[in-house]
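A short worksheet on the structure shown next.
These figures come from a predicted structure and were not determined experimentally. Atoms within a ligand are numbered from 1 in the order they appear, just like the ligands themselves. Excluded from the calculations below are hydrogen atoms, water molecules and symmetry mates; all remaining heavy atoms, backbone and side chain alike, are included.
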Amino acid sequence: MADVLHVTGEILLSEEESVGELWVVDGRISFTPPTSGEVETVHGFVLPGFVDAHCHVGLDAHGAVDDETSEAQALTDRDAGTLLIRDAGSPADTRWIDERDDLPKVIRAGRHIARPKRYIRNFAHEVEPEQLVSRVRAEARAGDGWVKLVGDWIDRERGDLGPLWPREVLTEAIAVAHEEGARVTAHCFGEESLADFAAAGTDCIEHATGLLPETIQTFADQDIAIVPTLVNIETFPQIAAPAQEKFPDYHRHMLDLHARRYETIAAAREAGVRVYVGTDAGGSLPHGLVAQEMEQLTRAGFSSPEALAAGTWGAREWLGRPGIHEGEDADLVVLAEDPRADVRTCLDPEHVILRGARVAGR
Ligand SMILES: [Zn+2]
């Protein structure tokens, strides 16, 4: 490998700004040409590494997986250009990934917190409302600045989606997370739970299919971000199908949330709610779908540059991680065509560069 990687073309620093070249020296970005060293050149449209803000490494449909499987998941994400993951809950200890230069960076939210029998088996710490506050404190300490709660799930007595937590307990738990320096996000499909979480002071909501005009306004006013995971929402009819006979209200509800998903996210975008790219890989969905999720956002009224921002510059800023800046790790995706013209270009990166090393590409 050459000492210096010279990256030329259009380096997209933000939605508006670009420069013509940068250099990678010792794995880091420099805008000043080095005076010595063997130089290798790559050319194209250059973005900061993609961000999957809702991904699960160390998890499959049955619960925790071994390290080898976790590694394969992280490699699949990396090869698709995802170089920063916000892990939205994992029962496996994946701290070892932080020691590996060839794997994406991971921001963890600890393990999901749910109630007994009110979420997918083997995923979550299952606690009753009395234990929520102490569990949130523990997960805030175990994670990397995020805590993940399950906000709603099918309530079999009700026969429909129902919130897991009373609002008062939630308010206390979120305050404790903030006291510990962590932000809170929650899995919310239906209308009720996301209103409870907003009232309780959450920072973010996953899926958010139950947003209505009133709650959209609240989210905008309180600057609550959403990660819709549209590639996952697309599977709502399959998720709900087994319940059709026994829980017809739930089934209808899920189909309705699914049917209006693009309208819901479009309305949130129009109201100024922050929206970020997340795939929900790891439970039942495969890894590596970050570009598909960006493309999904364009179906909800996002322009290609806006969808890119939701999966690169904007997401990095929101998570407190650098984009393309002097002295920072060279975590870059190089594309053959301009992604601002068509975000689908991101489906097929020319080069994926992680910490200055070309780790994947065509
Ligand atoms: Zn998830």
Would you say the Zn ion (ligand 1) has His54 as a near neighbour, meaning an N/O/S atom of that residue under 2.8 Å away? yes
Regarding His43 and Thr8, is there a side-chain donor-to-acceptor distance under 3.5 Å anywhere? yes
Per residue His56, nearest N, O or S atom to the Zn ion (ligand 1) is named NE2
Would a distance-only check, ignoring hydrogens and angles, find a side-chain to backbone donor-acceptor pair under 3.5 Å from Arg316 to Gly323? no
Next item on the list: Check whether the ring centres of His187 and Tyr119 lie less than 6.0 Å apart, and answer yes or no.
Entry: yes
For Asp280, the N, O or S atom at the shortest distance from the Zn ion (ligand 1) is OD1
Any side-chain donor paired with an acceptor under 3.5 Å for His178 and Asp203? yes
